[in-house]
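Side-chain atoms are counted along with the backbone in the values below, which use heavy atoms only and exclude waters and symmetry mates. Keep in mind it's a predicted model, so treat the numbers as computed, not measured. Throughout, protein chains are lettered first and strands after them, A, B, ... in sequence-line order, and every chain is numbered starting at 1.
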2 protein chains.
Amino acid sequence: MDDPQIRNMDDFASVSGISRPTLSKYFNNPDSVRASTRKKIEAALEKFDYRPNIYAINQNRRQTKNIGIVVPYLADPFFAEIARNVETLVIDAGFRPIMLSSHGDPAQELSNIESLRSIKPAGVLLAPLGRTSDRARIKAFCEDVPTVLFDANLDGVGEAFVGSDNDQSIALIVEYLCRTGTPPVFFEMKTPANPNAIKRRTAYMAVMEKLGHTPHLLQVEGEGWDFEEVGFREGTRVLSDPALPSRTILCSNDRLAIGMLSAAFELGEKVGISPDCTLRIAGHDDHPFARYTCPGLTTVSQDYSAIARTSAESLFSIIESENRREARGTTMFQGRLVMRKSA
Amino acid sequence: MDDPQIRNMDDFASVSGISRPTLSKYFNNPDSVRASTRKKIEAALEKFDYRPNIYAINQNRRQTKNIGIVVPYLADPFFAEIARNVETLVIDAGFRPIMLSSHGDPAQELSNIESLRSIKPAGVLLAPLGRTSDRARIKAFCEDVPTVLFDANLDGVGEAFVGSDNDQSIALIVEYLCRTGTPPVFFEMKTPANPNAIKRRTAYMAVMEKLGHTPHLLQVEGEGWDFEEVGFREGTRVLSDPALPSRTILCSNDRLAIGMLSAAFELGEKVGISPDCTLRIAGHDDHPFARYTCPGLTTVSQDYSAIARTSAESLFSIIESENRREARGTTMFQGRLVMRKSA
DNA sequence: AATACTTTTTGACGCGCGTAAAGTTTTGTA
DNA sequence: TACAAAACTTTACGCGCGTCAAAAAGTATT
């Protein structure tokens, strides 16, 4: 780093011996200038500490390099993990990720996309809240900004959707549970906050009917995103109820199951598949902590990295193709049964 | 919303009947204009959809309204939770939070602060990686941008530090464990990734000496941030070792403890304080999931929201005082014993 | 009603960079 | 060596807003 303070691209043009428009081309895309010029510029960059002013750049470019990433609840390790995957892909593709969490709140979700609008992103990767999302306002946003939905779908909103096939994954675990013991009841929140809850409920109903069993829903009270707490509190209640229709419980997601396993432990229930067990509990998602429950949680895994990669790549291709609207694509990945000891 | 497209502040000046410089004042600080003009402007904002271009604003203002928030690992619920607290405070104070995760990687941490530099933030709230952080480069950054450290300290870096008093909190739990049973061994990673590990180790040594007991460190292998995995794998090994010096284990953090509880369960150990138990396990942090382990994890809580609030507020006051350097302040909050059933 | 004070308007410049047009140099090819 | 194509330089304008100075208008005080 040398002495003369480089204040702008003009200064840097002087010291590097390259004209400003060429520098501008270079910073926009280093491969767009001749190799010999590129070398000169990069040699100068070594010597002098200069970075283009990001605000001046974005003010004038019709399209920024920003990509918004919005997830429903970042403090949920499932979303934290998928967001981390997406973020890395966005950086590697040469974009600037702006990560926002809706904190489970539809108003925050709207405020997030409005705040994204003001930074004129090249595109947005949105995992919506789902049921509680303001579909109309989000749709309006997607008209203006190329957006790919992931994790949860909103019919007809955005350029594409990438997620898990809940029908398939729920069928997978329900069939497994039926094959290896008594058919499961389905444990969920009456007014579920998590995005795919309704899909999973209907998938459970359908596959139980198909297998010739009577579906049973345990729809418990509870608001918000503190799923473990709901699983624990309502699990304690449900497990103490002699009218519980089945001792095999499929939870709508792993976090509910984690809470319920804790409740079962407190109640002295022995959870698992061995003959002396009194209860089976299964979940859905393969949450990062699911393998450390007691016993380890049997669940269905979602392919985090495939979902992240596919949604990011389809956004990139939409951005590159100058937003020309093609048919709205839907990609759904298959769940995989993760057999541990809880069911 | 009316028809005429408002493209910039000039357009909005026309339709609102207020001059552009006055509008500029208003958007900078609504209270800086007369109430009557404010009303006129806000009436026009109701009718017309206009928001100042954020890039043009920030290009010209010497100070932006951006505040960077950097945490070591956002997929760790502890940091997710504290980051969520901080983010809310930043928004409420009228700033724009830019949340970044270092993903446990010192190179990423540097890349995060460099990327923050380019958006010219008014200030930064940084929870450093600690031991592995590039102290010199971070210090250099803090010379240019007002920065408050939280969670982990880097000596002499930044304007202030806000965190937990590890000496006090470790003493609290060690004294409790000694009072109620055999003195604990300390379980940690040999080369710990989490920021406060070393502080906790030395605090454990000191308080054990003070109480007249021989400290024992179990320093296990393991890299990275997959603490539950380390706790499980090495916990399995350690618990099977007949030479284990004490059946009371204090883990350096709750995530290690969660893994170890899982290992204990697998091994058929009964963890807890009742007479028939063979093992006691305690942690540190009061991790969001600590109450759902089997049994519930006895630990020391950190005051998330106090740390968040104090660090945010001290940054705000530094920003308002125009960065005039005062003495570097250090605030440490006391831990609180959280007695559950594991110890 | 006259005065002093506050607020707004008018007009103008600058921020740092994107980008276009026209002219000049370099490079690749025959 | 000549010549066309590609890359670069020069010149110039524009983006949307911050900000300043001077003039005008509005408000408060006596």
(request) State, to the nearest 10°, the angle formed by the axis through the first five base pairs of the helix from dA1(C)-dT30(D) to dA30(C)-dT1(D) and the axis through its last five. (result) 10°

(message) Would you say S24(A) places a side-chain N or O within less than 4.0 Å of OP1 or OP2 belonging to dG18(C)?
(response) yes

(message) Base, sugar-phosphate or nothing for T37(B)? Non-hydrogen atoms, less than 4.0 Å.
(response) sugar-phosphate

(request) Run through V71(B), V90(B), V70(B) and flag the one making a side-chain contact (heavy atoms from CB on, under 4.5 Å) with L125(B). (result) V90(B)

(request) Tell me yes or no: between the side chains of E159(B) and T147(B), is some donor less than 3.5 Å from an acceptor? (result) no

(message) Pick the closest DNA chain C nucleotide for Y50(A) and for P21(B) by heavy atoms, then say which residue is nearer the 5' end.
(response) P21(B)

(message) Under 4.0 Å from OP1 or OP2 of dT9(D): is there any side-chain N or O of S19(A) that close?
(response) yes

(message) Is the distance between the ring centroids of Y50(A) and F12(A) under 6.0 Å?
(response) yes

(request) May I have the distance from N8(B) (atom CG) to dC17(D) (atom P), rounded to whole angstrom? (result) 6 Å

(request) Go through the steps to decide whether Y304(B) and F78(B) satisfy the test ring pair (Phe, Tyr, Trp, His ring centres under 6.0 Å), and finish with yes or no. (result) CA-CA 9 Å; Y304(B) 292 39; F78(B) 171 78; 5.1 Å; yes

(request) Report which part of the nucleic acid P52(A) touches: base, sugar-phosphate, or nothing (heavy-atom distance under 4.0 Å, all strands). (result) sugar-phosphate

(request) Using whole Å, report how far CZ of F27(B) lies from P of dG16(D). (result) 15 Å

(message) Checking T22(A) against S19(A): is there a side-chain donor and acceptor pair closer than 3.5 Å?
(response) yes

(message) Mind checking if Y26(B) touches a base, just sugar-phosphate, or nothing, with heavy atoms under 4.0 Å?
(response) nothing

(message) I'd like to know if R20(A) reaches the base of dG18(C) with its side chain such that a donor and an acceptor end up less than 3.5 angstrom apart.
(response) yes

(message) Could you tell me if H103(A) and E87(B) have a donor-acceptor pair between their side chains, going purely by distance under 3.5 Å?
(response) yes

(message) If I take atom CD1 in residue I54(B) and atom P in nucleotide dC15(C), what distance separates them, rounded to the nearest angstrom?
(response) 22 Å

(message) Between P on dG16(C) and CG on D11(A), what's the gap in Å once rounded to a whole number?
(response) 9 Å

(request) Can you tell me the distance, in whole Å, between the CE atom of M9(B) and the P atom of dG14(D)? (result) 20 Å

(message) Tell me the interatomic distance from I18(B), atom CD1, to dA24(D), atom P, rounded to whole angstroms.
(response) 20 Å

(request) Would you tell me whether R20(A) and N8(A) have side-chain atoms, one donor and one acceptor, within less than 3.5 Å of each other? (result) no

(request) May I have the distance from Q59(A) (atom CD) to dG18(C) (atom C1'), rounded to whole angstrom? (result) 10 Å

(request) Would you indicate what F12(A) reaches in the nucleic acid, counting non-hydrogen atoms under 4.0 angstrom: base, sugar-phosphate, or nothing? (result) nothing

(request) For N60(A) and dC17(C), give me the distance from atom CG to atom P, rounded to whole Å. (result) 10 Å

(request) Please tell me which of L23(B) and R51(A) maps to the more 5' nucleotide of DNA chain C, matching each residue to the nucleotide holding its nearest heavy atom. (result) L23(B)

